[in-house]
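No experiment lies behind these values; they were computed from the predicted model shown.
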Amino acid sequence: MAASAQSSVDQGSNEVKDYICNACEDQNNAETSADFYCKQCDRFYCGNCIDLHGKLLAKHTAFGRVDIDKWPVSKKVVDFLLTCYEHKDNKVDKFCTTHSQLCCPQCVSDYHSQCSKVTQISELTNSQPTGLEGLSVELETVLGEIKTLQISQKASIQSLQRTYKEHSAVMIEQMLGNLNTYIDECDNNSVGTSGGNEQYLKEEMCRSVLSIVNEFDNITTKELNEMKDEVISIKESVTSSIHKCTTLHNDLSQFHELVQKIGDNKELCLIASIKCKHIIQQALTLLGKSGKAFNVQRKSVHNVRIPSDSYECSIAGICVLTDGQVLVADSKNKRIKLLNQQYQVVNHWDVTAGPWDICLITSSEVAVAVNDHDSKIHEVQFITVNQGKLVSGRKFQLQHECTCITHHQGDLFVTSGKELYKYSLNGKLICRLYQDRQDWTVFKCAVSPTGDKLYITDGMQDKLLTLARDGTLLATYSDPALGWLCGLHVTPAGQVLVCGGWPPTVLQVGWEGESKLANLATHKDGVRSPRSVCYISTTSSIIVGQMYKDNILVFRVE
């Protein structure tokens, strides 16, 4: 290998610089990019130096950039691949099969001394595939998907800003409309009045106008500030996601370039393959395409009934705050309950009708789908958790039933039992995405982490539907173990969790919405009438809410 082949492949870099000319380096000249490699000399030359080399060593064969695959791997490329991610001064030389991790001697000592399968990398080259052709194609594919996600996220930020501006304009227009209406009424009433009465009417008009303006200040300004805070919080979250995309895109690009330069060195190919697959898995998780199946480890049971409850609890919806606190929608008692990290009820808020579902908007705010068919109450209520207390915020009315609500980057998706609608944060109806003729065929809805897929439970026909962002049907899944589908949730990694009421079942479906990955819980595990399900990332647990049961079930998973 050429001793002085150079490359700037460093942690955090997204660029692999060209090799430098060894002849220029010998003469202490400034670093010059190499354009040729001579195998006999095992040296690199720039365009000027290769002329002298050709005159002195005419029988040597020099390979230009068109034959760069015949160049040796740069020393720094080798160092980059061999360097341990955690212990920068050490080189990886082993692989732990138990944890699927490359290890340096310090890693083995600190973390893998008890592992049964820690093997020298040199011993794996004959048993493990080392070709990088397929990996290069996979890298290209994932790179394209990450780029698409970045574009979509930037569009979401622009949409959020438009939503707030539109809502501000509507609020101001409503205030002006109220003022104009009142002034017109005063003009009509003042016709034919005497001087004294006219003065009184003017004073009354001033008081009323001031009242309308004060009402705008006290109510509408509060509402606008609430929305502004939401937009800022969601924008920060999306910006953070964009940053993760950028970092992964850079890492993927770097490895995509590296795999073209490694050649046929089996050990380097194997190490590059393992590191690539690790980054690709991170990217797939960010894209919501994790294929990892959950494995239930243990179960716990927690009572969520409080003394003032009039009925047995019926937990129709669950969502988790970023700090690990849990909110449950108790539809029978018409309450939203706040649970601490030990799943104890610490606060509650009564709503006007049964809360059918609940979803996270920001780190401390949720939206609740409130619905009552008989009294025709159909609304979305926003609630904020502030220092362990539930505080109600703004709300908006719907012209249809609302059986479910879910949120993604400023878009609200609401089901009516027959239709799936998309709303903006300010309650503006954007469009109807999907429709069916029968009741309960569009019951629960969940959205993928990237927003490119929507999942619907069809409780009438016992099916899970997967839709594209525009409402196009992509896949349909049914299972004998899934009858009367009700609860539905998608984890941050894209794992789809579904509840079936009869027989009582909780299972995991692949992110494509076409196949079952795992049976997670059944009647044997204490599941009776599951109605809602939710995953908690902080504790790696799955919560199951039940109909007419005071207990929620918590399954710890791996």
Side-chain angles (χ1 to χ4, degrees), residues 1 5-17 73-125 127-130 132 135-136 138-139 142-143 146 240-259 261-262 265-287 289-292 295 297 322 491-493 537-540 557-558:
M1 179 179 296
Q6 298 295 310
S7 172
S8 68
V9 186
D10 299 314
Q11 291 290 344
S13 168
N14 64 347
E15 180 182 8
V16 180
K17 291 182 179 177
V73 183
S74 159
K75 179 180 182 300
K76 284 200 172 181
V77 170
V78 174
D79 289 344
F80 169 74
L81 288 173
L82 293 181
T83 297
C84 176
Y85 278 142
E86 185 165 350
H87 308 101
K88 306 297 183 184
D89 296 331
N90 292 348
K91 306 296 182 185
V92 295
D93 59 353
K94 295 181 178 64
F95 181 72
C96 176
T97 304
T98 304
H99 297 97
S100 299
Q101 289 181 356
L102 291 165
C103 311
C104 71
Q106 190 66 42
C107 290
V108 174
S109 174
D110 290 350
Y111 311 117
H112 304 279
S113 59
Q114 303 300 315
C115 296
S116 59
K117 295 183 180 180
V118 180
T119 311
Q120 289 284 344
I121 291 173
S122 57
E123 297 176 13
L124 292 174
T125 54
S127 60
Q128 299 287 332
T130 57
L132 298 176
L135 198 60
S136 180
E138 190 172 1
L139 281 166
V142 176
L143 272 168
I146 289 286
S240 173
S241 182
I242 290 174
H243 176 71
K244 291 177 184 177
C245 283
T246 302
T247 301
L248 273 172
H249 191 276
N250 291 343
D251 291 342
L252 290 164
S253 298
Q254 182 170 288
F255 270 97
H256 185 255
E257 188 166 347
L258 280 177
V259 296
K261 298 176 178 290
I262 295 175
N265 185 309
K266 288 188 176 182
E267 285 190 31
L268 287 181
C269 285
L270 181 58
I271 291 170
S273 175
I274 293 169
K275 286 192 171 183
C276 273
K277 288 177 180 176
H278 177 70
I279 294 176
I280 287 172
Q281 188 56 52
Q282 286 182 310
L284 291 177
T285 299
L286 185 65
L287 289 165
K289 294 184 176 181
S290 173
K292 179 184 177 182
N295 181 27
Q297 300 298 302
T322 52
T491 74
S537 301
T538 53
T539 59
S540 190
V557 297
E558 286 185 355

Original post:
Taking only residues two or more places apart in sequence, or in another chain, which ones meet Thr538 in a side chain to side chain contact (heavy atoms under 4.5 Å, CB included)?
Top reply: Ile536
Subject >> Smallest separation among heavy atoms of Leu135 and Cys276, with atom names >> reply: CD2-CB, 3.4 Å
Original post:
Can you name the residues that form a side chain to side chain contact (heavy atoms under 4.5 Å, CB included) with Thr322, not counting sequence neighbours?
Top reply: Ser363
Subject >> Sequence-distant partners of Lys91, salt bridge (charged side-chain N to carboxylate O under 4.0 Å, His left out), two or more places apart >> reply: Asp79
**OP:** Can you sort out the partners of Gln106 under side-chain hydrogen bond (donor to acceptor under 3.5 Å, both in side chains), two or more places apart, ordered by chain and number?
**Re:** Asp110
**OP:** Rounded to the nearest 0.5 Å, what's the gap from CG on Leu284 to NZ on Lys292? Could you check?
**Re:** 14.0 Å
Original post:
Atom CG of Leu286 and atom OG1 of Thr247: how far apart are they, to the nearest 0.5 Å?
Top reply: 10.0 Å
**OP:** Return the minimal non-hydrogen interatomic distance between Cys84 and Val92, and the atom names on each side.
**Re:** CA-CG1, 3.9 Å
Subject >> For the student: nearest non-hydrogen atoms of Cys103 and Val108, plus distance >> reply: CB-CG2, 3.8 Å
Subject >> Point-to-point distance, once rounded to the nearest 0.5 Å, from CG of Leu139 to CG of Leu252 >> reply: 6.0 Å
**OP:** List in chain and number order the residues that pass salt bridge (charged side-chain N to carboxylate O under 4.0 Å, His left out) with Lys289, two or more places apart in sequence or in another chain; answer none if no residue qualifies.
**Re:** Glu145
**OP:** Return the set of residues passing side-chain hydrogen bond (donor to acceptor under 3.5 Å, both in side chains) with Glu86 (not counting sequence neighbours), or none when no residue passes.
**Re:** Tyr111
Would you list the atom pairs, donor with acceptor, under 3.5 Å between side chains in residues 112-121 and any protein atom, with sequence neighbours excluded?
unit_1	atom_1	unit_2	atom_2	d
His112	ND1	His99	ND1	3.4
His112	NE2	Gln101	OE1	3.3

**OP:** Sequence neighbours left out, what passes side-chain hydrogen bond (donor to acceptor under 3.5 Å, both in side chains) with Thr539? Give chain and number order.
**Re:** Ser541
**OP:** Report the residue from Leu82, Val78, Asp93 that forms a side-chain contact (heavy atoms from CB on, under 4.5 Å) with Ile271.
**Re:** Leu82
**OP:** Before giving the answer on side-chain contact (heavy atoms from CB on, under 4.5 Å), spell out for Asn295 and Val557 the whole-Å C-alpha distance, their side-chain angles and the decisive distance to 0.1 Å.
**Re:** CA-CA 5 Å; Asn295 181 27; Val557 297; over 6 Å; no
**OP:** State whether the side chain of Ser253 and the backbone N or O of His249 hold a donor-acceptor pair below 3.5 Å, judged by distance alone.
**Re:** yes
**OP:** Would you please name every residue forming a side chain to side chain contact (heavy atoms under 4.5 Å, CB included) with Ala493, sequence neighbours left out?
**Re:** Thr285, Ser290, Thr491, Gln495
Subject >> Ser136 side chain reached by His256 side chain, heavy atoms, under 4.5 Å >> reply: yes
Subject >> Gap separating the SG atom of Cys104 from the OH atom of Tyr85, nearest 0.5 angstrom >> reply: 13.5 Å
Original post:
In Å and rounded to the nearest 0.5 Å, what is the CD1 to CG distance from Ile146 to Leu287?
Top reply: 4.0 Å
Subject >> Any donor-acceptor N/O pair, Lys275 side chain to Leu81 backbone, under 3.5 Å >> reply: yes
**OP:** Please identify each residue that fulfils side chain to side chain contact (heavy atoms under 4.5 Å, CB included) with Ser100, with sequence neighbours left out.
**Re:** Phe95
